[in-house]
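The structure under discussion appears below in the form of structure tokens.
Each ligand, and each atom within it, is numbered from 1 in the order the structure gives.
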Amino acid sequence: MIATPAWPPRSLQRLFVDTPLGADGVVSVEGAQAHYLATVMRMGAGDQLLLFDGVSGEWLAEILDAGRKRVTLVVRQPTRAQEAVPDLTLAFAPIKKARVDWLVEKAVELGVARLQPVVTQRTIVDKLNLERLRAHIIEAAEQCARTSLASIDAPLKLDAFLRGLDGGRALYFADETGGAPAPSAFVPGPATILIGPEGGFTLEEAAAIRAVSNVTAISLGPRILRAETAALAAVAAWMAAVGDWG
Ligand code: SAM
């Protein structure tokens with residue numbers, strides 16, 4: 001049986017544009033995006049690619065003119081509706097640069113809606129370059145065919161994070177000292193997963209976390225995982241159990 005080729009072809013380039021898209025609209029991209037299309041990918045007039053604006057879904061577009069500094073495209077037709085990613089927030093203690101970039105990229109690929117850095121007593125990195133991380137979020141969304149962008153907020157200290165929690169939202173606290181086994185601990189509904197720093201939470205912090213309403217301590221197995229591994233494992237388990245992998 002001849003397989004029907006996917007449409008739009010998944011081989012088409014995908015680009016996020018920070019401007020509202022609509023049929024027959026004309027869009028220009030400049031700087032790194034123009035360089036990427038015209039010089040790196042050697043694309044020119046007539047070539048097609050996929051665009052998304054993070055709000056209105058994905059669109060097929062065609063290049064009208066490709067210069068090294070500016071590429072002009074016309075939006076032809078919608079190809080996919082805006083996805084509704086599950087309402088999952090990943091709250092994590094910042095870790096070293098290369099590893100936080102990796103964590104953010106993987107969280108986007110797995111479908112996390114929101115990222116919240118949380119500064120704890122043993123956090124070694126308390127400053128994050130949010131612009132750089134937002135660029136990573138866009139790149140990961142382009143790669144994994146998301147139509148929505150995960151958001152990332154400015155870092156919060158743990159006490160402010162706990163104070164700002166919405167009591168109606170489940171908080172899953174990844175605790176290597178013990179908790180309910182991750183997949184079966186999850187119940188459907190909006191959720192936040194909290195991952196600690198390399199040095200772990202202090203006893204006072206763990207007690208403060210366990211004292212908030214609607215909190216469940218979860219275990220990610222018998223081994224001590226690195227923070228970014230724990231984040232990935234917890235998000236994957238949540239997506240499989242109650243997220244959109246069903
Ligand atoms: N404090 C620990 C130590 O040094 O023994 C290690 C902390 S671990 C590197 C970083 C974070 O990952 C922890 O704070 C926890 O949130 C999460 N984590 C790691 N392994 C875990 C497990 N097996 N179960 C639940 N959470 C885990």
Side-chain angles (χ1 to χ4, degrees), residues 86-128 133 136-137 140 150 152-167 169-243 245:
D87 186 350
L88 178 65
T89 295
L90 175 62
F92 63 98
I95 46 183
K96 288 213 175 92
K97 184 169 171 294
R99 294 166 52 212
V100 81
D101 294 356
W102 186 89
L103 182 156
V104 165
E105 182 186 293
K106 300 308 157 197
V108 171
E109 287 179 52
L110 289 170
V112 165
R114 181 168 163 261
L115 291 148
Q116 175 62 69
V118 175
V119 178
T120 69
Q121 284 173 39
R122 292 185 183 143
T123 299
I124 43 177
V125 179
D126 58 2
K127 292 227 171 356
L128 285 177
L133 293 178
H136 274 292
I137 288 171
I152 185 162
D153 299 332
L156 280 177
K157 286 208 171 339
L158 180 64
D159 55 354
F161 167 75
L162 294 177
R163 271 201 311 279
L165 283 172
D166 154 5
R169 189 183 181 87
L171 175 66
Y172 298 105
F173 158 41
D175 185 352
E176 72 278 10
T177 67
S184 54
F186 297 133
V187 295
T192 298
I193 292 173
L194 176 60
I195 305 289
E198 268 327 303
F201 293 105
T202 64
L203 291 179
E204 304 75 39
E205 288 175 331
I209 297 166
R210 286 172 181 272
V212 302
S213 65
N214 216 354
V215 65
T216 305
I218 57 168
S219 167
L220 299 168
R223 287 164 291 281
I224 303 283
L225 310 177
R226 298 192 74 157
E228 68 272 24
T229 316
L232 203 64
V235 170
W238 188 90
M239 282 295 169
V242 293
W245 290 6

- How far is atom 11 (C) of ligand 1 from its nearest protein heavy atom, and which residue and atom is that? Gly196 O, 3.5 Å

- Could you point out which residue of Thr192, Thr120, Val212, Ile209 forms a side-chain contact (heavy atoms from CB on, under 4.5 Å) with Phe161? Thr192

- Message: Any salt bridge linking Arg99 with Glu198? Criterion: basic side-chain nitrogen under 4.0 Å from a carboxylate oxygen.
- Response: yes

- Would you check the N or O atoms of Ile218, main chain and side chain alike, for any that come under 3.5 Å of an N or O of ligand 1? no

- Between Thr123 and Val125, is there a donor-acceptor pair closer than 3.5 Å when you use the side chain of the first and the backbone of the second? no

- Message: Considering both backbone and side-chain atoms of Ser219, is one of its nitrogen or oxygen atoms within less than 3.5 Å of a nitrogen or oxygen in ligand 1?
- Response: no

- Message: When you measure from the side chain of Gln116 to the backbone of Thr89, do you find a donor-acceptor pair of N or O atoms at a distance under 3.5 Å?
- Response: no

- Query: Looking only at N/O atoms, are Ile195 and ligand 1 under 3.5 Å apart anywhere?
  - Reply: no

- Would you name the heavy atoms of Arg122 and Pro197 that are closest together and state the gap between them? O-CB, 3.9 Å

- Item | Gly199 N/O to ligand 1 N/O under 3.5 Å | yes

- Task: Report the nearest protein non-hydrogen atom to atom 10 (C) of ligand 1: residue, atom name, distance rounded to 0.1 Å.
- Result: Pro197 O, 3.1 Å

- Note on the structure: On a heavy-atom basis, the closest approach of Pro94 and Pro117 is CG-CB, 4.2 Å

- Query: What is the minimum heavy-atom distance between His136 and Val104, and which atoms define it?
  - Reply: CB-CG1, 4.4 Å

- Query: So is there a nitrogen or oxygen of Arg226 less than 3.5 Å from a nitrogen or oxygen in ligand 1?
  - Reply: no

- Hey, is Thr229 one of the residues with a heavy atom under 4.0 angstrom from ligand 1? no

- Message: Which residue and atom name correspond to the protein heavy atom nearest atom 20 (N) of ligand 1, and how close is it?
- Response: Leu225 N, 2.9 Å

- Message: Within the structure, is a non-hydrogen atom of Ala182 found at a distance of less than 4.0 Å from ligand 1?
- Response: no

- Note on the structure: for atom 16 (O) of ligand 1, nearest protein heavy atom and its distance come out as Ala174 O, 2.7 Å

- Reported CD1-to-CZ distance for the pair Ile218 and Phe173, which is rounded to 0.5 angstrom: 9.5 Å

- Message: Looking at every heavy atom in both Leu90 and Ile195, which two are closest together, and how far apart are they?
- Response: CD1-CG1, 4.0 Å

- Message: Looking only at distances, can you tell me whether any N or O atom of Ile224, backbone or side chain, sits closer than 3.5 Å to an N or O atom of ligand 1?
- Response: no

- Task: Mind jotting down which residue pairs meet the salt bridge (charged side-chain N to carboxylate O under 4.0 Å, His left out) criterion with at least one end in residues 199-215? Sequence neighbours excluded, please.
- Result: Asp175-Arg210

- Item | Ala230 contact mode with ligand 1 (heavy-atom cut-off under 4.0 Å) | side chain

- Top protein contact for atom 24 (N) of ligand 1, by heavy-atom distance: Leu220 N, 2.8 Å

- Against heavy atoms of Gly200, which atoms of ligand 1 measure under 4.0 Å? 1 (N), 7 (C), 14 (O)

- Closest non-hydrogen protein atom to atom 13 (C) of ligand 1, residue and atom name please, with distance? Glu176 OE1, 3.1 Å

- Item | Nearest protein heavy atom with distance in Å, relative to atom 23 (N) of ligand 1 | Arg223 O, 2.7 Å

- Message: Tell me the closest heavy-atom pair linking Phe186 and Ala241, and the distance in Å.
- Response: CD1-CB, 4.2 Å

- Item | Protein heavy atom at shortest distance from atom 4 (O) of ligand 1 | Glu198 O, 3.8 Å

